[in-house]
Engineer: 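My structure is below; once you've seen it, I'll send some questions.
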There are 2 protein chains.
Amino acid sequence: MRDVARLADVSVATVSFTLNNTKPVAPATRERVEQAIRDLGFRRNEVARALASKRSRVLAVLYPALQHRFGGTVVHFFTSAARRASELGYNLILSPIDNDAGQLGDLTAGGLVDGVLLMEVQLDDPRVTSLLQTGTPFAIIGRTREPDLLTYVDIDFETTMAASIEYLSNLGHTRIALVTGSVGSSLLTDYGPVVRTEATYGAIMATRDGDAVMISCDETPAAGRDAASRLIEASPDLTAVIVMNEQAAFGLVSGFRNLGFRVPEDISVISMSSSAEMAAMSDPTLTLMAAPGVELGRMGVDALVDKLEGRAANGETQVLLPCVLVEGESTARVREGG
Amino acid sequence: MRDVARLADVSVATVSFTLNNTKPVAPATRERVEQAIRDLGFRRNEVARALASKRSRVLAVLYPALQHRFGGTVVHFFTSAARRASELGYNLILSPIDNDAGQLGDLTAGGLVDGVLLMEVQLDDPRVTSLLQTGTPFAIIGRTREPDLLTYVDIDFETTMAASIEYLSNLGHTRIALVTGSVGSSLLTDYGPVVRTEATYGAIMATRDGDAVMISCDETPAAGRDAASRLIEASPDLTAVIVMNEQAAFGLVSGFRNLGFRVPEDISVISMSSSAEMAAMSDPTLTLMAAPGVELGRMGVDALVDKLEGRAANGETQVLLPCVLVEGESTARVREGG
DNA sequence: TTGTAGGCGTTATCAT
DNA sequence: ATGATAACGCCTACAA
């Protein structure tokens with residue numbers, strides 16, 4: 001930068017001003033500076049910039065290293081978030097964290113990270129508390145139990161569930177079961193997506209004829225096959241299933257088939273909050289409510305950067321995005337007498 | 001750090017020395033310093049450190065934003081690489097890049113990134129040339145056509161293919177076909193995994209009885225179903241298929257089923273360089289050669305960091321890892337008379 | 001073994 | 001509109 005200043009015959013300050021548009025610069029000098037920059041192939045040193053400005057323009061996305069989803073949604077999310085960050089002049093660092101404890105302190109305390117994107121948040125998440133205490137700016141992908149004062153971007157499970165039931169209803173289904181996921185059994189009661197989905201399902205079904213039948217199973221195809229049996233046992237005449245368990249959805253379909261039920265002729269299956277790539281791999285292909293991974297990534301970054309740049313005008317940004325219906329071959333009008 | 005020095009009654013230099021083990025420090029003073037650090041909850045500023053030492057301890061993983069695989073392998077890779085980086089005191093930033101062109105210059109020129117991990121490299125990759133020109137330290141996940149002078153970590157497709165054929169041979173199969181993947185048609189001839197796999201397949205089959213039958217199709221289940229027909233047409237009496245196309249493998253199985261061939265009774269299918277999570281979602285579950293995503297991530301980072309820290313003793317690090325066989329339900333002994 | 005002091009390359013304040 | 005210059009917080013010869 002000194003070299004640029006010398007070549008353009010101005011001071012380093014002026015170079016900085018034109019580079020950042022931080023102060024008015026005469027068109028003539030600006031041109032000289034830009035020419036010099038071009039001639040020298042100059043790139044400003046981001047590290048020095050970060051030190052002087054006390055802002056590194058680096059974001060971190062925190063996600064649980066174990067117990068993660070393998071679906072295309074995660075990759076979509078990462079990619080989208082990284083791209084949006086890049087567009088806004090930021091970089092995105094990946095931080096898989098094992099325990100729920102305080103190794104996130106290392107990141108932010110080091111000054112390398114301006115803000116944090118928190119994934120797979122629990123309803124009562126110790127990491128949120130920790131981030132609040134250290135005063136680290138952060139945005140949540142998901143929602144805690146009381147998210148009113150927090151910045152978050154989440155899937156609108158309530159709307160999505162309503163739309164799923166509505167869709168099946170329009171096909172004539174009344175006996176609609178719900179299958180959710182679990183990892184071990186501990187997370188069940190504290191995992192927002194499951195809790196909200198089950199609550200909404202229960203509430204809507206209560207206003208209708210059919211019984212509410214919910215079960216949950218591990219996130220594996222094998223568990224899904226097993227779930228099919230349990231489902232038939234619990235509700236022999238069901239005609240439709242909503243599954244929020246990407247892996248189990250596959251097992252469910254083959255489980256039903258093994259039990260002599262055809263999908264979709266006898267039983268319709270809809271995979272909720274899944275990815276299109278996954279759903280297409282099933283045979284028959286699954287009708288799904290596609291998780292908005294790309295949008296979540298983009299809007300999560302937007303929300304965080306807004307906050308970092310003091311643009312979070314009125315309070316905290318809070319966004320809810322519904323999944324979008326993609327029709328596959330796993331749903332059909334209810335059979336006669338069903 | 002000034003505060004720490006004052007509290008411990010030493011100079012800032014001494015604090016730095018004990019923090020970095022960069023010069024011998026008397027046990028007594030070291031203890032005082034560490035106590036002071038604890039008392040003050042001091043964290044050294046990584047940005048300042050980076051500026052002064054000219055090393056940011058930040059790595060970037062470059063991967064094509066579009067045209068990416070959705071399998072669990074990518075997530076495994078990212079997670080493993082990020083964790084290993086963290087263990088070594090580095091951070092990993094995610095850089096999806098669109099065009100093959102020079103936006104990677106921005107990254108490295110800014111001084112924010114010490115080194116680069118290059119994914120999904122083509123046999124003749126312009127990015128490699130670019131990185132060489134700018135003198136950016138980098139390690140490749142994959143191999144170029146002439147990788148002798150480069151640092152790389154790649155799947156050993158040759159060994160994996162040999163093992164796959166061997167496995168099927170031992171089950172009595174002789175008529176073994178190969179299905180590879182393609183995105184559009186452009187990448188086919190310049191994509192290392194496909195080229196090496198096909199070459200090895202061809203070479204091995206040439207030494208055996210059975211004809212070599214290779215086809216390729218897009219990375220979608222639908223294309224896989226179509227491929228099943230083409231395969232039967234080309235080789236009506238085949239008894240086994242090796243698929244290096246995770247998505248198409250699913251379509252292949254259902255395609256065969258639709259054509260009246262049972263898997264594995266009539267035709268065995270083995271999915272090469274896939275992820276266990278994916279393969280388990282098939283019904284029947286797929287026998288696979290599991291891609292070593294975790295190992296690739298770890299070793300890729302190791303290779304790069306070795307290079308950065310001048311520890312790349314004798315020339316460039318070059319690692320080849322074979323996929324490991326995981327038996328599923330999609331392979332069986334060849335049927336009588338097959 | 002420890003201290004002193006000069007950078008590292010920008011930003012930002014205060015003059016001019 | 002532009003220029004000097006003091007931070008920014010740490011590392012690292014060089015001295016002691």
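All values reported here derive from a predicted model rather than from experimental measurement.
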Engineer: Main chain of A:Arg298, side chain of A:Ser80: is a donor-acceptor contact present, judged purely on distance under 3.5 Å?
Structural biologist: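 Indeed, once roles are kept as given, a pair shorter than 3.5 Å links the two residues.
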
Engineer: Base, sugar-phosphate, or nothing: which does B:Val10 touch, judged by heavy atoms less than 4.0 Å apart?
Structural biologist: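 The answer is sugar-phosphate, as B:Val10 gets under 4.0 Å only of primed atoms, P, OP1 or OP2.
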
Engineer: Grab the two heavy atoms, one from B:Asn21 and one from B:Arg30, that are nearest each other, plus how far apart they are.
Structural biologist: OD1-NH2, 2.7 Å

Engineer: Select from B:Leu51 and A:Ala50 the residue whose nearest nucleotide in DNA chain C is closer to the 5' end of that strand.
Structural biologist: B:Leu51

Engineer: Looking at the side chain of A:Thr14, which of D:dT12, D:dT2, C:dT10 is the nearest nucleotide?
Structural biologist: D:dT2

Engineer: Considering non-hydrogen atoms only, spot the tightest contact between A:Arg2 and A:Val12 and give its length.
Structural biologist: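 So the two residues come closest at CA-CG1, 3.9 Å.
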
Engineer: Ignoring hydrogens, what is the shortest heavy-atom contact between A:Met119 and A:Pro64? Give both atom names and the distance.
Structural biologist: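 Closest approach of A:Met119 to A:Pro64, heavy atoms only: O-CD, 4.2 Å.
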
Engineer: Check each residue of residues 18-33 of chain A for a non-hydrogen atom within less than 4.0 Å of any atom in DNA chain D, then write out the ones that pass by number, or none.
Structural biologist: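 Output list: A:Lys23, A:Pro24, A:Val25, A:Ala26, A:Thr29.
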
Engineer: Tell me the interatomic distance from A:Arg57, atom CZ, to C:dT10, atom C1', rounded to whole angstroms.
Structural biologist: 10 Å

Engineer: Round to the nearest Å and state the distance from A:Asn45 atom CG to D:dC10 atom C1'.
Structural biologist: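 Those two atoms, CG and C1', are 14 Å apart.
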
Engineer: If you check the B:Met1 side chain, which of C:dT10, D:dC11, C:dG3 turns out closest?
Structural biologist: D:dC11

Engineer: Got a donor-acceptor contact below 3.5 angstrom from the A:Asn91 side chain to the A:Val58 backbone?
Structural biologist: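 Flag not set: sc A:Asn91 to bb A:Val58 has no pair under 3.5 Å.
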
Engineer: Do B:Phe138 and B:Leu62 make a side-chain contact, defined as non-hydrogen atoms from C-beta onward lying under 4.5 Å apart?
Structural biologist: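 Contact flag for B:Phe138/B:Leu62 side chains = no.
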
Engineer: Could you please name the option among D:dA13, C:dA5, C:dT13 that lies closest to any side-chain atom of A:Phe17?
Structural biologist: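 Looking only at side-chain atoms, A:Phe17 lies closest to C:dT13.
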
Engineer: Are OP1 or OP2 of C:dT10 and a side-chain N or O of A:Ser16 less than 4.0 angstrom apart?
Structural biologist: no

Engineer: Which angle, to the nearest 10 degrees, lies between the helix axes at the two ends of the helix from C:dT1-D:dA16 to C:dT16-D:dA1, each defined by five pairs?
Structural biologist: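 Rounded to the nearest 10 degrees, the bend comes out at 30°.
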
Engineer: How about B:Tyr152 and B:Glu316: does a side-chain donor come under 3.5 Å of a side-chain acceptor?
Structural biologist: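 B:Tyr152 vs B:Glu316: no donor-acceptor pair found between side chains.
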
Engineer: Can you tell me how far apart CE (A:Met1) and OG (A:Ser16) are? Round to the nearest 0.5 Å.
Structural biologist: 4.5 Å

Engineer: Counting only side-chain nitrogens and oxygens, does A:Ser53 get under 4.0 Å of the OP1 or OP2 atom of C:dT11?
Structural biologist: no

Engineer: Scan B:Asp3 against the nucleic acid and name what it touches under 4.0 Å (heavy atoms): base, sugar-phosphate only, or nothing.
Structural biologist: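 No contact.
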
Engineer: Within the pair B:Arg44 and D:dC10, is there a side-chain N or O less than 4.0 Å away from OP1 or OP2?
Structural biologist: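 So the side chain of B:Arg44 is outside the cut-off, no N or O lying under 4.0 Å from OP1 or OP2 of D:dC10.
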
Engineer: Can you tell which of C:dT10, C:dT13, D:dC10 lies closest to the side chain of A:Arg49?
Structural biologist: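 Given the options C:dT10, C:dT13, D:dC10, the side chain of A:Arg49 is closest to C:dT10.
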
Engineer: Nearest to the side chain of B:Ser11 - C:dT10, D:dC10, C:dG3?
Structural biologist: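 Among the listed nucleotides, the one closest to the side chain of B:Ser11 is C:dG3.
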
Engineer: Expressed in angstrom and rounded to an integer, what is the separation of B:Arg2 atom CZ from D:dC8 atom C1'?
Structural biologist: 11 Å

Engineer: B:Gln35 and B:Arg32: side-chain hydrogen bond (donor to acceptor under 3.5 Å, both in side chains), yes or no, with the steps?
Structural biologist: CA-CA 5 Å; B:Gln35 185 58 49; B:Arg32 285 215 316 286; over 6 Å; no

Engineer: Under the 3.5 angstrom rule, does the side chain of A:Asp114 hit a backbone N or O of A:Ser56 as a donor-acceptor pair?
Structural biologist: yes

Engineer: Strictly below 4.0 Å: does B:Lys54 bring a side-chain N or O up to OP1 or OP2 of C:dG7?
Structural biologist: no

